Amino acid sequence: SLSEKLQNVFNRLRGKGVLSEQDVNEALREVRLALLEADVNFRVVKDFMGKVKERAVGQEILQSLSPVQHVIKIVNEELVALLGGSDVGLTFAQKPPTVIMLVGLQGSGKTTTAAKLANLMRKQGRKPLLVAADVYRPAAIKQLQVLGEQLGIPVFALGDKQDPVHIGKSALGAAEVGGQDVIILDTAGRLHIDEQMMDELARLKATLSPQEVLLVVDAMTGQDAVNVAEQFNSALGADGFIVTKLDGDARGGAALSIKAVTGKPIKFAGVGEKMDALEPFYPERMASRILG
Amino acid sequence: LTGRRPVDDELFDDLEEALIQADVNIHTTMAVVNDLRDASRKERINDSDAIKERLKDDLVKVLTANADEHLRWSPSPPTVYLVVGVNGVGKTTSIAKMAARFKSQGKKVMLAAADTFRAAAIDQLEIWANRTGVDIIKQREGADPAAVVYDALQAAKSRGADIVICDTAGRLHTKKNLMEELKKIGRVVERELGREPDEVLLVLDATCGQNAVSQAREFKEAVPITGIILAKLDGTAKGGIVITLKDELGIPIKLVGTGEKCEDIDEFDSRDFVSALFG
Ligand SMILES: Nc1nc2c(ncn2[C@@H]2O[C@H](COP(=O)(O)OP(=O)(O)OP(=O)(O)O)[C@@H](O)[C@H]2O)c(=O)[nH]1
Ligand SMILES: Nc1nc2c(ncn2[C@@H]2O[C@H](COP(=O)(O)OP(=O)(O)OP(=O)(O)O)[C@@H](O)[C@H]2O)c(=O)[nH]1
Ligand SMILES: [Mg+2]
Ligand SMILES: [Mg+2]
């Protein structure tokens with residue numbers, strides 16, 4: 001663990017009395033390693049360590065009686081601060097329906113998360129409508145319909161021969177007729193470098209004016225998380241993130257990376273395959289997970 | 001990293017940074033770059049291009065050493081492949097791609113829809129079976145996956161299929177009961193075939209970082225992994241972690257996925273892969 005590694009460093013330095021800046025740097029190297037092992041992006045680590053070093057090389061740690069606790073405390077505080085406010089909820093429309101659009105790379109967990117979100121909305125006393133706007137992946141529409149059926153939540157679909165923008169627009173009308181006040185749109189997985197597919201999302205957003213465009217990111221994503229987050233954000237203006245598959249043992253450094261480079265909040269955590277496996281995002285928990 | 005420059009600490013730092021950003025494990029990276037630093041000193045290499053080429057050669061060596069990179073075919077049909085991995089990595093789509101490829105090679109292909117858990121998983125594989133014109137064995141959602149595999153093996157023998165490719169449900173390697181289920185599927189294949197599956201292919205998402213090591217380790221504990229399919233290499237992620245998987249676990253990369261269509265699959269080429277790490 002990080003505290004054990006830091007303890008080793010400081011044990012070696014103990015005979016020295018007061019710690020010098022160089023000694024502290026040696027300890028911080030362990031922190032840097034831990035963050036890279038946790039998949040935090042290389043340049044995010046660089047910026048982050050800069051902040052930590054500023055605080056660590058002050059008088060407080062150089063004369064601290066428990067330097068390990070001190071370093072961990074500083075790193076933890078900086079991580080939590082960077083990971084952001086823990087109750088960034090969803091923005092709802094003044095006049096319904098509220099539109100929530102889920103976007104992201106292939107296989108990140110959008111369809112499953114859409115259903116989980118719909119479940120959450122209903123638990124909050126709202127009337128959700130799921131919209132099947134993935135016309136590309138085989139049986140994607142059926143997947144959402146099966147989940148909707150399991151939950152008893154309606155799914156709007158026009159089959160896979162229609163343009164997703166047309167499906168989205170028609171869903172607005174359907175919600176009005178059906179009396180649903182939250183529309184959750186599932187979109188096809190796509191690469192941030194696929195211009196045509198990114199343009200489709202831009203057109204969807206322009207047509208539907210969603211209150212929330214949420215980028216769904218797999219917790220095991222490595223260094224590439226920064227590229228994905230930056231591209232989706234600059235193309236669409238993300239309102240936030242949902243990090244999925246946090247029920248595994250991925251350290252989840254991608255969460256820090258995407259928040260750091262876009263400033264957009266992480267709103268939810270996917271923690272399983274079942275429909276109740278969606279939690280609010282807790283920065284403190286994420287921070288200690290990343291540090292290992 | 002382009003163009004001639006002095007062979008100094010900054011060069012090695014930049015090479016280290018490139019590897020880390022390609023998701024090569026940090027310890028693998030440090031070991032490789034340190035060896036390179038030593039070699040450059042001993043052999044007095046003062047050409048930065050030569051250093052970079054040497055690094056690429058070293059990485060290719062790691063990837064190809066004792067690597068059985070070809071897909072195995074059994075002399076006694078059916079050949080059986082088991083496709084496994086965590087959720088959403090590209091298992092089902094990779095199976096469709098293999099089916100299309102083998103069909104075009106004149107093989108009689110059969111698919112086993114042994115993901116009986118996820119919504120519309122069977123439907124998804126069935127659409128691919130229809131599109132590629134291959135047989136599929138399926139049961140209803142919620143059936144025992146090992147029973148589906150058993151059925152498929154019987155059907156393959158009676159219909160004279162050359163190969164059976166088994167799809168399995170995505171599962172996190174940390175879920176003990178799901179890994180036990182996978183072990184059971186593996187045992188059913190062994191019992192019916194009288195040998196281990198000819199390939200147990202672990203599908204990895206190229207966007208995956210260091211967690212791939214934990215995935216590979218746990219899956220290898222449960223079933224005899226013979227190779228990796230590195231999917232989604234058409235994105236911007238480099239998939240460098242597979243170097244560590246080969247180095248530390250001895251698992252070769254056999255195929256790469258380069259898109260969502262059934263022709264988007266290639267044999268792994270270590271030279272191309274390593275060059276792309278620095279692209
Ligand atoms: N363990 C776990 N599995 C998850 C979670 N979220 C999604 N999954 C699984 O991840 C896999 C992919 O989920 P999907 O919802 O199909 O992903 P997607 O983003 O819609 O995929 P595409 O539409 O192909 O881009 C499925 O097996 C899901 O059950 C999670 O939080 N934990
Ligand atoms: N761009 C790209 N997308 C891919 C590739 N391979 C698979 N995909 C996409 O990734 C998503 C998930 O693929 P699946 O084949 O359903 O993944 P899976 O591992 O079977 O998922 P689960 O069964 O839910 O665990 C789909 O949208 C695929 O089209 C690839 O090589 N490149
Ligand atoms: Mg989907
Ligand atoms: Mg699948």
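Quick caveat: nothing in here was measured; it's all calculated off a predicted structure. Values below: every heavy atom of this structure, side chains too, minus hydrogens, waters and symmetry copies.
- Annotation: maximal heavy-atom pairing with chain B below 4.5 Å, among Ile141(A), Ile193(A), Thr244(A), Thr111(A), occurs at Ile193(A).
- Within the 4.5 angstrom heavy-atom criterion, only side-chain atoms of Ile26(B), from C-beta onward, approach chain A.
- Most heavy-atom pairs under 4.5 Å with chain B, from the set Gln143(A), Gln231(A), Arg43(A): that is Gln143(A).
- Within the 4.5 Å cutoff, the side chain of Tyr136(A) has no heavy atoms near those of the Glu260(B) side chain.
- For the atom pair CD of Glu273(A) and CZ of Arg118(B), the computed distance is 9.0 Å after rounding to the nearest 0.5 Å.
- Proximity to chain B is limited to the side chain of Asn227(A), based on heavy atoms less than 4.5 angstrom apart.
- No more than 12 heavy atoms of other residues, nucleotides or ligands lie within 6.0 Å of NZ in Lys176(B), so this atom counts as exposed by the packing criterion.
- When each of Ala139(A), Gly109(A), Pro138(A), Gly107(A) is checked for heavy-atom pairs under 4.5 Å with chain B, Pro138(A) comes out on top.
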### Task
Take Leu33(A) and Met30(B), measure what side chain to side chain contact (heavy atoms under 4.5 Å, CB included) needs, and give me the verdict at the end.
CA-CA 11 Å; Leu33(A) 251 156; Met30(B) 294 199 298; 4.3 Å; yes
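- Contacts between residues 235-246 of chain B and chain A, counted as heavy-atom pairs separated by less than 4.5 Å, involve Gly235(B), Thr236(B), Ala237(B).
- Of the possible polar contacts, one joining the Asp23(B) side chain to the Gln223(A) backbone as a donor-acceptor pair under 3.5 Å is found.
- A heavy-atom distance below 4.5 Å is not found between the side chains of Leu172(B) and Met220(A).
- The interface of residues 144-163 of chain A with chain B, defined by heavy-atom distances below 4.5 Å, comprises Val146(A), Leu147(A), Gln150(A).
- Summarising the local packing, NZ of Lys274(A) is surrounded by 12 or fewer heavy atoms from other residues, nucleotides or ligands at distances under 6.0 Å.
- Among Ala206(B), Ala231(B), Ser214(B), the residue with the largest count of heavy-atom pairs under 4.5 Å with chain A is Ser214(B).
- The distance from the CD atom of Gln21(B) to the CG atom of Asp224(A) is 10.5 Å, given to the nearest 0.5 Å.
- Looking at Asp194(A), there are no atoms closer than 4.5 Å to chain B (heavy atoms on both sides), in backbone or side chain.
- Residues Gln124(B) and Arg137(A) are in side-chain contact: their nearest non-hydrogen atoms beyond the backbone lie under 4.5 Å apart.
- Atom-to-atom distance recorded for Lys232(B):NZ and Gln106(A):CD is 6.5 Å, nearest 0.5 angstrom.
- Identified by a heavy-atom distance below 4.5 Å to chain A, the contributing residues of residues 128-138 of chain B are Trp128(B), Arg131(B), in residue-number order.
- More than 12 heavy atoms of other residues, nucleotides or ligands shown are found within 6.0 angstrom of NZ on Lys51(A).
- Counting non-hydrogen atoms of other residues, nucleotides and ligands closer than 6.0 Å to CD of Glu4(A) gives a total of 12 or fewer.
- Looking at Asn211(B) and Asp39(A), their side chains never bring a donor and an acceptor atom within 3.5 Å of each other.
- Put simply, CG on Asn87(B) and OG1 on Thr112(A) are 8.5 Å apart, with the number rounded to the nearest 0.5 Å.
- Around atom NZ of Lys142(A), no more than 12 heavy atoms belonging to other residues, nucleotides or ligands sit under 6.0 Å away.
- Ranked by non-hydrogen atom pairs under 4.5 Å with chain B, the options Ala219(A), Ala38(A), Ala250(A) are led by Ala250(A).
- Side-chain atoms of Asp234(B) and Leu191(A), non-hydrogen and from C-beta on, do get closer than 4.5 Å to each other.
- Crowding of Lys56(B) atom NZ: a count of heavy atoms from other residues, nucleotides or ligands under 6.0 Å exceeding 12.
- Not a single salt bridge (Lys or Arg N to Asp or Glu O under 4.0 Å) links Lys46(A) to another residue, sequence neighbours left out.
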